[in-house]
Each structure stands twice: as structure tokens, then as C-alpha cells.
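Each chain gets a letter, A, B and so on, in the order its sequence line appears, and its residues count up from 1. Note that the structure is a prediction, hence the values are computed from the model and not measured. Side chains are part of it too, since the values below use all heavy atoms of this structure and drop only hydrogens, waters and symmetry mates.
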Amino acid sequence: MLAFQLLRLQAVRVLLGDSSCRPASRGSLGPRSTQKGSGAGWEEEKHKDGVKWRQLEHRGPYFAPPYEPLPDGVHFFYDGKPMKLSMAAEEVATFYGKMLDHEYTTKEVFQNNFFSDWRKEMTVEERKVIKHLDKCDFTEIHRYFVDKATAQKALPREEKQKLKEEAEKLQQEFGYCILDGHREKIGNFKTEPPGLFRGRGDHPKMGMLKRRVMPEDVIINCSRDSKIPEPPGGHQWKEVRSDNTVTWLAAWTENIQNSIKYIMLNPSSKLKGEKDWQKYEIARRLKGVVNEIRSLYRADWKSQDMKKRQRAVALYFIDKLALRAGNEKEEGEAADTVGCCSLRVEHVQLHLEADGHQHVVELDFLGKDSIRYYNRVPVEKPVYKNLQLFMKNKDPGDDLFDRLTTTSLNRHLQDLMDGLTAKVFRTYNASVTLQEQLQALTHAEDSVAAKILSYNRANRAVAILCNHQRTTPKTFEKSMQNLQTKIKAKKEQVAEAKVELKRAKSDHKTQGGNKSRSSLEKKRRLLEKLQEQLARLSTQATDKEENKQVALGTSKLNYLDPRISIAWCKRFGVPVEKIYNKTQREKFAWALDMAGEDFEF
DNA sequence: CGCACAACTTAGAACGTGCCAG
DNA sequence: CTGGCACGTTCTAAGTTGTGCG
């Protein structure tokens, strides 16, 4: 069984088991929510129809530094002979040389795409000579950049300080804008530097040359009366416009997928914060109608209309398993990944009986970022029957829901509730799960450390639901071993302390007196301290093991209504800083402002 | 309706840094 | 005082949803 699948089962156990240990009172007799601090200026909607700002002023993007040619002593070799390359060809060669010890460069697709794009940058003469990648030797280039990085790391303290200050200056100059009179931080104020495209998973375009962004590619968006940003010397903007129905400050078209890249605000900004708040308010509205929607799709499982049936089963998956909508993707443009609506027959297996359950569906597919989703889950009988029907007479490569698109699904959802789309279910289920899990796992009498462990467990249940995975850190095994060694040592200390305590007890019994009494007390305290330390270490180990391949950050940042966490902190006396770091507190400023301890999602 | 394009959110990996144990 | 590691930050790819057009 896959490790992640195991975790999913454990998570279910937490969901089912532990809640019975706690009184299950939901205590929702009082007012449903407390929202204070309305004077802080958080408003769900301020502008009329799509207007996002009245004033927008900024310095434009900061451009990647120009290419610095290799020093004379560093050579590229072709067929064993050194070869001086033209600047354009050399630059692209360095992109490849830098990546030499990365797995990417061993892949055929990567090599082919790179070589074909590289040749386009060569002069006619170069192209005549350089015909085979396997005759190219980039090792000297590679070594040059490795050495350079090492030298950079070894820089004296004051040099590093200087660099830091320069970066700070840049941040101050280009990293902020003025939006409606407020100075707001920009999320990404630098253009993306040129390089070789690194897609995720089996990407057909990996290795292609991502070209340098020039001012001539960039559209600037700012208010008409603002100071128009200066393009770098000798250059011009592609266009300067003033569109206050969008939130971006600058944009350019990228050459790999031909999509638009944007310069936008940081999550700490008021604009993003209000949008975030709005997102959770929509999810909370879903809470009010979700039971109705669930009865509706259950009814639709029996509809005469096959389209409706498919929609109803897909919606069940989206709701129960927190799957993404799953848009169609153009073949050859991106890795072959799917979501709910784009599931194919080959991704589903039906088991009339498995793991001691009836009607088990086994899902196995690559989702966003080519992360594998694997799950075996018992479903209600009509779902099972419908899936059998949808799969009948189809090839493995055929669409499971051949009459369903994300557009038609979302249109249906929109009819059920204003603002409802497929992804709202993910937000809703994630937040509701956190709230339930916190309720089930938190014990008021626990230490702050234990409460934080409970919080992480609740967070983890959500991450598992949403399939947020990470590759096990390279150093995991080693650092786990270190921790185990520490635990073993601590256990020995505890054992020893117990022996000593026993001895002290008997000493005190035979001798009596103050001296032996104080010695006894000392030993007792020592044992207590050691036992505490041991307990802390073992919770640490548990936490670490359970977190091995689970990424908590994504759900924390994008799916969990921060007001749930803030209310929990207030209720149980946990400092918010233990849950949210500085950046996160800035992003969730809106929630810190308004969530009282009795907030309920 | 179906498509292409635009705008915005969500995502994991790579990178940087500062702290703590040895 | 130093090296490893945990954590925070940066980067940009990969999704979803909305829009406008024929």
C-alpha cells in the first residue's frame, strides 16, 4: 500500500475515533459569529461592478540583469575541442551547464527541446559545427558556476551585509506601489529571468528556452494621472494602459505556453485580503445549503438524463473526496494530468468488495503538478452502479464523464447557489474539517505544546483530504534517526532517574531527616523533568513521521479560513504567533482584525 | 454553445537564513 | 564557533473561473 494511502486511512480513524472521547457539544446557541473591528477598513465589496481601484502608481517591473559573458578561462568543448561561442549561444549553453547535476538534463525530451532551441540561437557557423548534443561538453561551464556559488557563500560578513542592503533598497524602490492612497507590497516585482523551462512531471516542453523579457514585451497598467514608470534606458514599454477593472500592474506574454504573466500585489495587500475574505464567505454560504445540494445530487443519481447522472456522480467525488474540477488540457502542451471532470476510465477500478467494505472505488491518477492521487474508498451503491454504467463499452483512454465539462458543472452549481463553483467545495470541506478536528482533538487542560500538536494534526487531516504532498526531505531518514537516538538516550536517563528515586526513597525511610527528604524531592523533580522531555521528544517524532510526505502549508495558506485558527488560539490561550508566522499574519491581517474567540465557520 | 484568451488562485520545489546542539 | 537542519521566502508552473466572440 502507498504510504499516503495509509495516512489517509489513519486520518479517517482520527476523524471517526477521537471525536467520541470529547463531549460533542457544538455550542452554537449564541450568535453565529462575532465580527468586531469593522472600523479597520475591511470591506467585502467597495467598488461598483468590477472596478478594483481608483489610483494605481508604481515603478514598473525590475528586469533581470543582462547576460555576463564567461571569463576567458572557461571553455565550452565540442567533440573534445574548445570552441568560443557567440554571446547568444553561450548564454543558452550556460543555462544547460548550470543544470548539469540535475536529473532533468538526463531526460530525452529535455535534451531534445533544449538542443533544438539552442541551435536557433546559434550563428550559421556554429550551427554547422554543433550537430549533436552528446558531443557537447559543458563540464567546465558547470564547474565555473559551482565555484562561483561556493565563493558567494564564503563571502565575508560585511560583503554579505552590503548585498542584503542592496536587495532591500531594490525592494523599497520597486517592491511597492500606491493603490488608492495606500502603499502596498508587490508580490513579484521582478521579471522572470531567461532559462530553460522546467515543467513538472512528464512535460512535453521541458528544456525549451524561456526567453528574456524585454521592456518592449511589457504592458504597464497604472492610473492615468499617476507618474508613469520609466522604462530602462533606451527602451520602451509595449503599451501603457489604465484599466481599473483588473488588479495587475504589469504583464507580458511568456513564450513557452503563450500565456500571460502578471505583476500583482502581495497577499498582505488590502485588495488580496478582501478577496480572500470573500472566498471564505462564499464557502460559509455553502455550509448553509450543502445538505440540500447533497440530497439533490443523490436524487440525480437516478435521473433519466445521463448528463445529469454524470454530473451528480462527479459532484459527489468533488464533495466527498475534495477533487479539483478538472479542465480539459491540450495534448502536447502540458503533462497528462486530470481532475474530476477529466477522469478517464483507466483511472478508476471498481471492487465489489475490498478492505472489508462493499462498493469500493479505487482512484489512481496524476493531478495538478503531476502529484499522484491514490485512494480506495467505499461509495454509496448508486454511485458504484453508475460508475459501472459510465465505464461500460469504453476504452481505458476514454473520458469517464463523457457528457460533462467543468463549464456545465459550474453553470449548474451557479444555479444552486450564487457564487458557487467546484472549487468552493474544496474550501468548504477543508475549513469544516479543520473546525471539526480542532473541536475533537483539543483538550483545554493540555499544555500549549500539546495543543499545537493537535492543531498540526487537524491541519494534517485537511492536507490529506486535499492530497497536498511533498517529496520526503532528502535528510529525513537521517534526522529521524538522530531524533530516535535522542529518545533512546532520554529513556535511559529516565530509567536511571527512577532507580535513583527509589534509592532515595529507601534512604529517606531508613534515615529520615531533612537532608534525605530534600534529596528525595530533588530526585522526584528530576524524574518529572526528564519524563516531560521524553514526552516532548516522542510527540516530536510522531509529528515528524506523520508529516513525512504531507505538505501542510498549502492548505493553511489557501483553504483554511484563518478565523477558525485565530478563534481557536484565543479560546485555548495559544499565542497566534505559534500558528502563523509573520508573513502569514500579514496575509491574514483581515482575519486577525475581525475574528473573536467564538467565531464559527 | 464551444472556443480562445484573460485574470486570478493554488502549488511544490528551490533557495536562503538564522538558530541550536555539539 | 560551526555545521546541520528547520523554517521562512522566493519562484514560477499549473490550475480554475470568467469573458467575449463567432
To the nearest angstrom, how far is [X] atom [atom1] from [N] atom [atom2]?
| X | N | atom1 | atom2 | value |
| --- | --- | --- | --- | --- |
| Glu330(A) | dG2(B) | CD | P | 17 Å |
| Glu333(A) | dC5(B) | CD | C1' | 14 Å |
| Trp252(A) | dA6(B) | CH2 | P | 15 Å |
| Leu271(A) | dA7(B) | CG | C1' | 12 Å |
| Tyr262(A) | dC5(B) | OH | P | 12 Å |
| Gln161(A) | dG16(B) | CD | P | 16 Å |
| Lys153(A) | dT2(C) | NZ | P | 17 Å |
| Lys556(A) | dT9(C) | NZ | P | 12 Å |

Using a cut-off of strictly less than 4.0 Å, decide whether [X] has a side-chain nitrogen or oxygen near OP1 or OP2 of [N].
| X | N | result |
| --- | --- | --- |
| Lys160(A) | dT17(B) | no |
| His102(A) | dA14(B) | yes |
| Thr247(A) | dC8(B) | yes |
| Arg470(A) | dC7(C) | no |
| Ser259(A) | dC5(B) | no |
| Lys279(A) | dC8(B) | no |

Checklist entry - If each of Thr554(A) and Arg241(A) is mapped to the nucleotide of DNA chain B with the nearest heavy atom, which maps nearer the 5' terminus, i.e. the 5' end? => result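 Upstream on the strand: Arg241(A).
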Checklist entry - Taking for each residue the nucleotide of DNA chain B with the nearest heavy atom, is it Lys164(A) or Lys587(A) whose nucleotide lies nearer the 5' end? => result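 That would be Lys587(A).
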Next on the checklist: If you count heavy atoms of other groups shown closer than 6.0 angstrom to NZ of Lys329(A), is the number above 12?
Outcome noted: yes
Distance-only criterion, 3.5 Å: show the donor-acceptor pairs between side-chain atoms of residues 312-323 of chain A and protein atoms not counting sequence neighbours.
unit_1: Asp319(A); atom_1: OD1; unit_2: Arg294(A); atom_2: NH2; d: 3.1
unit_1: Asp319(A); atom_1: OD1; unit_2: Asn429(A); atom_2: ND2; d: 3.1
unit_1: Asp319(A); atom_1: OD2; unit_2: Arg294(A); atom_2: NE; d: 2.6
unit_1: Asp319(A); atom_1: OD2; unit_2: Arg294(A); atom_2: NH2; d: 3.4
unit_1: Asp319(A); atom_1: OD2; unit_2: Tyr297(A); atom_2: OH; d: 2.7

Item to check | Side chains of Cys177(A) and Glu184(A) in contact at under 4.5 Å (non-hydrogen atoms) | outcome: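 A side-chain contact under 4.5 Å exists here.
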Next on the checklist: Please evaluate residues Leu196(A) and Asp117(A) with respect to the criterion side-chain contact (heavy atoms from CB on, under 4.5 Å), reporting the C-alpha separation (whole Å), side-chain torsions for both, the decisive distance (0.1 Å), and the verdict.
Outcome noted: CA-CA 10 Å; Leu196(A) 303 181; Asp117(A) 276 7; over 6 Å; no
What nucleotide, of [options], holds the atom closest to the side chain of [X]?
| X | options | answer |
| --- | --- | --- |
| Ala551(A) | dG12(B), dC8(B), dT10(B) | dG12(B) |
| Arg411(A) | dT10(B), dA11(B), dC1(B) | dC1(B) |
| Met264(A) | dG12(B), dT10(B), dC8(B) | dC8(B) |

Item to check | Ring-ring centroid check His468(A) Tyr559(A), cutoff 6.0 Å | outcome: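 Centroid distance His468(A)-Tyr559(A): below 6.0 Å, so yes.
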Checklist entry - Do Phe197(A) and His203(A) have ring centres separated by under 6.0 Å? => result yes
Checklist entry - Quick one: does Asn244(A)'s side chain have a donor or acceptor within less than 3.5 Å of a partner on Trp53(A)'s backbone? => result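 Present.
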Checklist entry - Base, sugar-phosphate, or nothing for Lys275(A), non-hydrogen atoms under 4.0 angstrom? => result sugar-phosphate
Checklist outcome for this item: Its contact letters, B for base, S for sugar-phosphate only and - for none at protein heavy atoms under 4.0 Å, make nucleotides 10-22 of chain C read --SSBSBB-----
Next on the checklist: Working note: Thr337(A) + Arg200(A), criterion side-chain contact (heavy atoms from CB on, under 4.5 Å); need CA distance, chi angles, decisive distance, verdict.
Outcome noted: CA-CA 10 Å; Thr337(A) 62; Arg200(A) 306 192 179 208; over 6 Å; no
